[in-house]
Chemist: 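Handing you this structure, nothing more for now.
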Amino acid sequence: MDNKRDNTTDIVSEKRPSLFVSLIPVAILIALIVVGAIVFGDELTDGPSQIALLGAAAVGALIGIYHLKIPWEKLEGGMLDNLSKTGSAIFIILMIGALTAAWIQSGVVPTMIYYGLKIINPSIFLLITFLFTGIISCILGSSWTTVGTIGLAMLTIGRVLGYDDGWLAGAILSGAYVGDKISPLSDTTNLSSSISGVKLSEHIKYMVITNVPAFIICAVVFGIAGFFVEIESSLDVEQQCREISGEYNVSLWLLLIPAGTIFMIYKKISPFLTLCLSAVIGVVVALFAQPQIIQQISPYGESITSYIYAPIKILASSVDVETDNKILDGLVDTGGMGGMIKTIWLVISVVGFGGIMESAGYIECITRHIMKYIKSTVSLVAATVGSCCFCNILLSDQYISILVSGKMFGDLYDKGGYERRLLARSIQDSATVTSVLVPWNTCGVYHSGMLGIPTLTLLPYCVFNYISPICSIAVAAIGYKIYRFGKRIR
């Protein structure tokens, strides 16, 4: 009985944070990130971002414990709860590292580069990149897998053709997020529909209204850019193709590996198992298709031990392959699962900061003040979009942003008489696509690291990621197929 009374006393003694207090960890995070960016530059995600997130989380926890009287157990529970929501992403990240390494060393990616250079017209390359990555991401349902495989191939081809890294990354990421946003296989699409209480099929149909205009605008932008962007290429494309085929055994048969991956996704095999099986198939094929690469990787020469050592090495850790081609040199040095450790470190740091912000009530306080300004359909959708973008900056993870925004705005949409489809679409139009624009967000870190291009360099060119939130608000302003209390607004 005494213990029960003590616990009750602890709960009652907790204070609700003010807006000023809630913004302190945010201000500290932004300050540390800015300092880190100035001091470390492109090395921001090699540790400074993680230190900033954990430092801001520590400040938030100290304020919670000593000023708001929140027990540490509650704050720790918030972090563990967030870890359970995003923990599966850690295993996906590991498998993407293994898959990327396997596809490169087996010759899949070099084959894509070889035939891409042969058939793609430089003037329409940006448009082709956007459309191709968009189609592939719709099939795979993942921007991460798309960028780590097809995206790397298109980036390499574009560099050979002389395109600027910013434009290339913008076209790749814009296309990759088309599928991540609308594919029925996308985890964010499923998460947005489930947290909003909307059937997946209805959610996707409703998404088309904002996705189609955004897609068309992007296609026009990248189509026009291909003719006007200055291309600085001093490389002989035919010579590049000869060098690629000289280093790797190029064959269209190798493309059966990504085809098999697409088939597994079509059969609805879990993403983790699909990536795992595809990676294993890739390294097995490498043993037969690229024996010269295997011998480079293994210190055991042509012995049978090499055929055990090399596949494990490719999947698990750093592999350095020497080539006479400067384009390939930047691609074929893979990191496997070990190369994804920094990204996982960041994910864990994000989980810690997000957990503290949510469990201490800081997020609830900030959004409560935002909700005071909601007066119309446009302001409601704009507030949802803005909140998702804000959460991507603050909580540094798109999954947590989707979950937090869905919980915060659900009752508000119900009280206003709006369909939950509008909530699901507003979340998907913002939380999913803007995550890549934040340098310390898990998506921003992953894509920047995978492409080898700083987030601030690629940020201005991610057209689809800017247009989607704008289209969401614009459609709300027009009122097209938006219903309130069962009646169409306009």
Side-chain angles (χ1 to χ4, degrees), residues 109 112-143 145-147 149-183 186 207-235 237 240-241 327 428-430 432-434 436-437 447 450-451 453 455-475 478 480:
V109 174
M112 291 177 178
I113 295 170
Y114 177 88
Y115 285 104
L117 288 172
K118 286 282 188 181
I119 65 176
I120 295 177
N121 186 310
S123 297
I124 59 170
F125 179 73
L126 290 177
L127 176 60
I128 293 296
T129 298
F130 169 65
L131 296 176
F132 186 44
T133 52
I135 292 169
I136 296 299
S137 66
C138 285
I139 295 171
L140 298 178
S142 169
S143 62
T145 308
T146 301
V147 170
T149 52
I150 311 301
L152 286 177
M154 301 306 287
L155 178 67
T156 305
I157 297 169
R159 283 172 170 169
V160 173
L161 296 177
Y163 275 98
D164 175 75
D165 277 357
W167 277 108
L168 291 171
I172 291 166
L173 290 169
S174 291
Y177 273 90
V178 169
D180 205 334
K181 185 180 168 190
I182 205 168
S183 171
S186 168
M207 285 283 294
V208 170
I209 298 171
T210 54
N211 237 40
V212 170
F215 185 88
I216 293 173
I217 292 171
C218 284
V220 171
V221 169
F222 289 118
I224 294 174
F227 289 94
F228 290 96
V229 172
E230 185 177 349
I231 300 175
E232 298 179 0
S233 178
S234 58
L235 298 174
V237 172
Q240 290 296 313
C241 290
I327 298 297
Q428 190 83 34
D429 281 340
S430 51
T432 298
V433 295
T434 60
V436 72
L437 304 176
H447 291 302
M450 183 59 67
L451 296 173
I453 302 172
T455 302
L456 295 180
T457 299
L458 59 85
L459 188 150
Y461 304 94
C462 296
V463 182
F464 186 78
N465 305 74
Y466 289 115
I467 293 297
S468 290
I470 294 173
C471 284
S472 193
I473 297 172
V475 170
I478 296 170
Y480 181 68

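We're numbering straight along the sequence, starting at 1.
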Chemist: How many angstroms lie between atom CE of Met154 and atom CD1 of Ile136, to the nearest 0.5 angstrom?
Modeler: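 It comes to 10.0 Å.
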
Chemist: Going by the side chain to side chain contact (heavy atoms under 4.5 Å, CB included) test, name the single residue among Thr129, Ile128, Leu126 that passes it with Phe222.
Modeler: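 The option that passes is Leu126.
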
Chemist: For residues 212-220, run the donor-acceptor check on the side chains, cut-off 3.5 Å, and write out each pair with its distance to 0.1 Å, sequence neighbours left out.
Modeler:
none

Chemist: Assert yes or no for the condition that the ring centre distance of Phe464 to Tyr177 is strictly below 6.0 Å.
Modeler: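 No; Tyr177 has its ring centre 6.0 Å or more from that of Phe464.
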
Chemist: Output the distance between atom CE (Met112) and atom CD1 (Ile150), rounded to the nearest 0.5 Å.
Modeler: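 Here the rounded value is 3.5 Å.
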
Chemist: Hey, what do you get for OH (Tyr461) to CD1 (Ile453), rounding to the nearest 0.5 Å?
Modeler: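 So the OH of Tyr461 and the CD1 of Ile453 are separated by 10.5 Å.
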
Chemist: Indicate yes or no: at least one non-hydrogen side-chain atom of Ile473 is less than 4.5 angstrom from one of Pro469.
Modeler: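 Answer no - side chains too far apart.
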
Chemist: How long is the straight-line distance from CG of Leu437 back to CG of Asn465, given to the nearest 0.5 Å?
Modeler: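 Atom-to-atom, Asn465:CG and Leu437:CG are 5.0 Å apart.
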
Chemist: Show every salt bridge (charged side-chain N to carboxylate O under 4.0 Å, His left out) that has at least one partner inside residues 124-143, sequence neighbours left out.
Modeler: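 Every candidate salt bridge (charged side-chain N to carboxylate O under 4.0 Å, His left out) pair involving residues 124-143 fails, so no pair, neighbours aside, qualifies.
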
Chemist: Check each of Val178, Val433, Thr434, Val463 against Ser468 using the side chain to side chain contact (heavy atoms under 4.5 Å, CB included) test, and report the only one that passes.
Modeler: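 Passing option: Val433.
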
Chemist: So, using side chain to side chain donor-acceptor pair (under 3.5 Å) as the criterion, who are the partners of Thr210 when residues are at least two apart?
Modeler: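 Listed in chain order: Asp429.
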
Chemist: From the options Val147, Thr432, Thr146, select the one residue that forms a side chain to side chain contact (heavy atoms under 4.5 Å, CB included) with Asp180.
Modeler: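 Answer to the side chain to side chain contact (heavy atoms under 4.5 Å, CB included) test with Asp180 among Val147, Thr432, Thr146: Thr432.
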
